[in-house]
Each structure stands twice: as structure tokens, then as C-alpha cells.
Amino acid sequence: MSKTHLGHTARKRFGQNFLHDEYVIGQIVSAINPQANQTLIEIGPGLGALTEPVCELVDKLNVVELDRDLAARLRSHPFIASKLNVIEADALKFDFSQLMTDQQPLRVFGNLPYNISTPLMFHLFSFADKVFDMHFMLQKEVVNRLAAKPGNKNYGRLSVMAQYHCKVQPVLEVPPSAFKPAPKVDSAVVRIVPHVTKPYPVKDLSVLNEVCTAAFNQRRKTLRNSLKNHLTEQQMIDLSINPELRAENLSLNDYVTMANFLIEG
């Protein structure tokens, strides 16, 4: 039996779960705190659960929606169509920088489909210097991974790369009952604020990503083994990194130190 909401069938392939809890919606909008004259972008507006209350507060909102039916519905929305710039596109491939006007940094938000949340985060990090802040509803486990500190079981490549670019702050937890259809997982809202000045700048981001990937792909192994194709044991020791440790024990600064050493090589 298909689950319909306001006449729209939630599509599994788009990972659609529609937010309907008014209290939760109010809390999210208040966390975003949209203001007039800001360049606001909503990813995956769906049936407008966040779009409508945000439009009550501002005159213009950009929305990026992949589902053709939902994009059409927003373009003909009886109350807010005139305020919307509806972009029918895949957020994973969209160039967000083209929405910048008057050098206004972007404010991005959305209830993100769970099946694209991690690759979408990496895509958005590439625009971090053009973004003021981001607020996303995500699977709680993804929020835990974004915010995890070294030594935590959730700490991984996503944690390191997210925290390289941004300050990550969990805002509120959201139960499955706030959605239709109810997902099988808990959700959470996270505030992600790109650093104006990166605390630990790396000279080549792809090298940092490569070192993190190698370390965390074999996270049970010691760094001596997981990073043996990148650094010798002695090089790690010279960089004040203990080769007996595992990937999850290293800080962002440690990963940047190794990446910069490899770049300077």
C-alpha cells in the first residue's frame, strides 16, 4: 500500500520522509532563524513543511528539488510560489555558488534524504567558503558521526573532514513519529558553521582526504599498518604521532600534520 500525504506518494528512491510535526517544525525554523535579505537555500523542500513557515518570515527562498512532481507543486503553491526560486536539480551535482548575490554568504537548510546525506555533505564542504551556516535534519547516527571527537566509536573520516571545514553543533533530536512515513531510525538537527579561518589549514585537501580514507578503511589496524603506504613508522614518530595508535585516536590536527608532511614531501 502506498503512503500518500497531501496526495503525494513518498518515493523510496528519493528517500522521502515528510516532516509533519508542527512543534518540531517550529523548533527547526527557530534554530535556522531566517532573516530578510539573506540568501537562503532549502535542499529537498518536499511538501513544504519547512518551506512554508520560512516563507512567512522572508520574501525570497531558493529551493533545490529533484522530484519533478514536487517542484511543479511548489511552482504553483497558492501562498508562497511568488517567493520561491524553484531549481529542479540534483543537489549532489548542483553548483551552489551560482546562487550568491552581492557577495552574500549562503544559508543552507533542509530535511535531507538519508540515502544521500554523506555524499551531499562532502559536496557542500566544497562551497564552505561561500556558506555562512547550514542546518540539516539527518539520521541521528550521521549527526553523531559529524560531531564525534577522537576516541569515540562514531569518529571517522566524515568527522575529520566535517570538522576541518566547519564547527558542528547538534541542535535537537527528532523521533520517527514526526515524519510520514515514519523512518526506522531516529533523526536529529545539526548546525554546521564553516570556519572563517580554518584552525588547521592543509595545503592540499585531496591528500588529507586520502590519508583519512586509508586510516579509517582499516580502523582496527594500528597506524603503522593502515598508513604504511603513506608514511614510515619513523616519519610518524618524527611528527609526534604514535604508530601504535589507531585511526580513531588521532585528532584533526594530527591528520593535517601528516597530510602537510606528505605534500611538502
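Residues: numbered from 1 along the sequence shown. Remember, predicted model here, so these are calculated numbers, not experimental data.
Looking only at side-chain heavy atoms (C-beta outward), Val171 and Val190 stay at 4.5 Å or farther from each other. Taking the side chain as every heavy atom from C-beta outward, Glu233 and Lys228 never approach each other to under 4.5 Å. Considering only heavy atoms from C-beta on, Leu158 comes within 4.5 Å of Phe122 through its side chain. For the pair Leu223 and Arg246, the minimum side-chain heavy-atom distance is 4.5 Å or more. When side chains are defined from C-beta on, Ser159 does not count as touching Asn154, because their heavy atoms never get closer than 4.5 Å. Counting heavy atoms from C-beta on, the side chains of Leu61 and Ile41 never come closer than 4.5 Å. With a 4.5 Å cut-off on side-chain heavy atoms, Leu227 and Val211 count as touching. Looking only at side-chain heavy atoms (C-beta outward), Leu172 and Ile28 come within less than 4.5 Å of each other.
Within 6.0 Å of the CD atom in Gln98, the count of heavy atoms belonging to other residues, nucleotides or ligands exceeds 12. By the neighbour-count criterion of 12 heavy atoms within 6.0 Å, atom CG of Asn37 is sparsely surrounded, having that number or fewer from other residues, nucleotides or ligands.
Closest of all the heavy-atom pairs between His165 and Ala128 is ND1-CB, 4.1 Å. Across every non-hydrogen atom of Ala36 and Val58, the tightest pair is N-CG1, 4.0 Å. Of all the heavy atoms in Leu84 and Leu74, the pair that sits closest is CD1-O, 3.8 Å. Asn260 approaches Lys203 most closely through the heavy-atom pair OD1-N, 2.9 Å. For the pair Ala71 and Glu65, the tightest heavy-atom approach, listed with the atom from each and the gap, is N-CG, 3.9 Å. Residues Gln163 and Lys149 approach most closely at OE1-NZ, 3.7 Å, considering heavy atoms.
Both Leu205 and Val131 are members of a single hydrophobic cluster when ILVMFWY side chains are connected at heavy-atom separations under 4.5 Å. Phe132 and Val168 are not part of a single hydrophobic cluster, where members link through side-chain heavy atoms under 4.5 Å apart.
Here the OG-NZ distance, from Ser187 to Lys140, works out to 10.0 Å after rounding to the nearest 0.5 Å. Distance check, rounded to the nearest 0.5 Å: CZ of Arg219 to OG of Ser226 gives 11.0 Å. Between the OG1 atom of Thr232 and the CD1 atom of Ile237 there is a distance of 8.0 Å, given to the nearest 0.5 Å. Here Gln104 contributes atom CD and Thr39 contributes atom OG1; the two are 4.5 Å apart, rounded to the nearest 0.5 Å. Distance CG/Leu138 to OG1/Thr118: 8.0 Å, rounded to 0.5 Å. Atoms CD1 and NE2, on Ile116 and His123 in that order, are 10.0 Å from each other to the nearest 0.5 Å.
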Exercise for the section: Any chance you could lay out the ring-ring contact (aromatic ring centres under 6.0 Å, His included) test for Phe94 and Phe96, step after step, and finish with the verdict? Expected result: CA-CA 6 Å; Phe94 184 67; Phe96 286 89; 5.0 Å; yes
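A donor-acceptor contact closer than 3.5 angstrom is absent between the side chains of Asn217 and Arg157. Side-chain atoms of Asp254 and Ser251 form a donor-acceptor pair, as typed in the model, at a separation below 3.5 Å.
Under the 4.0 Å criterion applied to side-chain N and carboxylate O atoms, Glu244 and Arg224 are assigned as salt-bridge partners.
Between Tyr255 and the choices Tyr200, Tyr155, Phe216, Phe261, the ring pair (Phe, Tyr, Trp, His ring centres under 6.0 Å) rule is met once, by Phe216.
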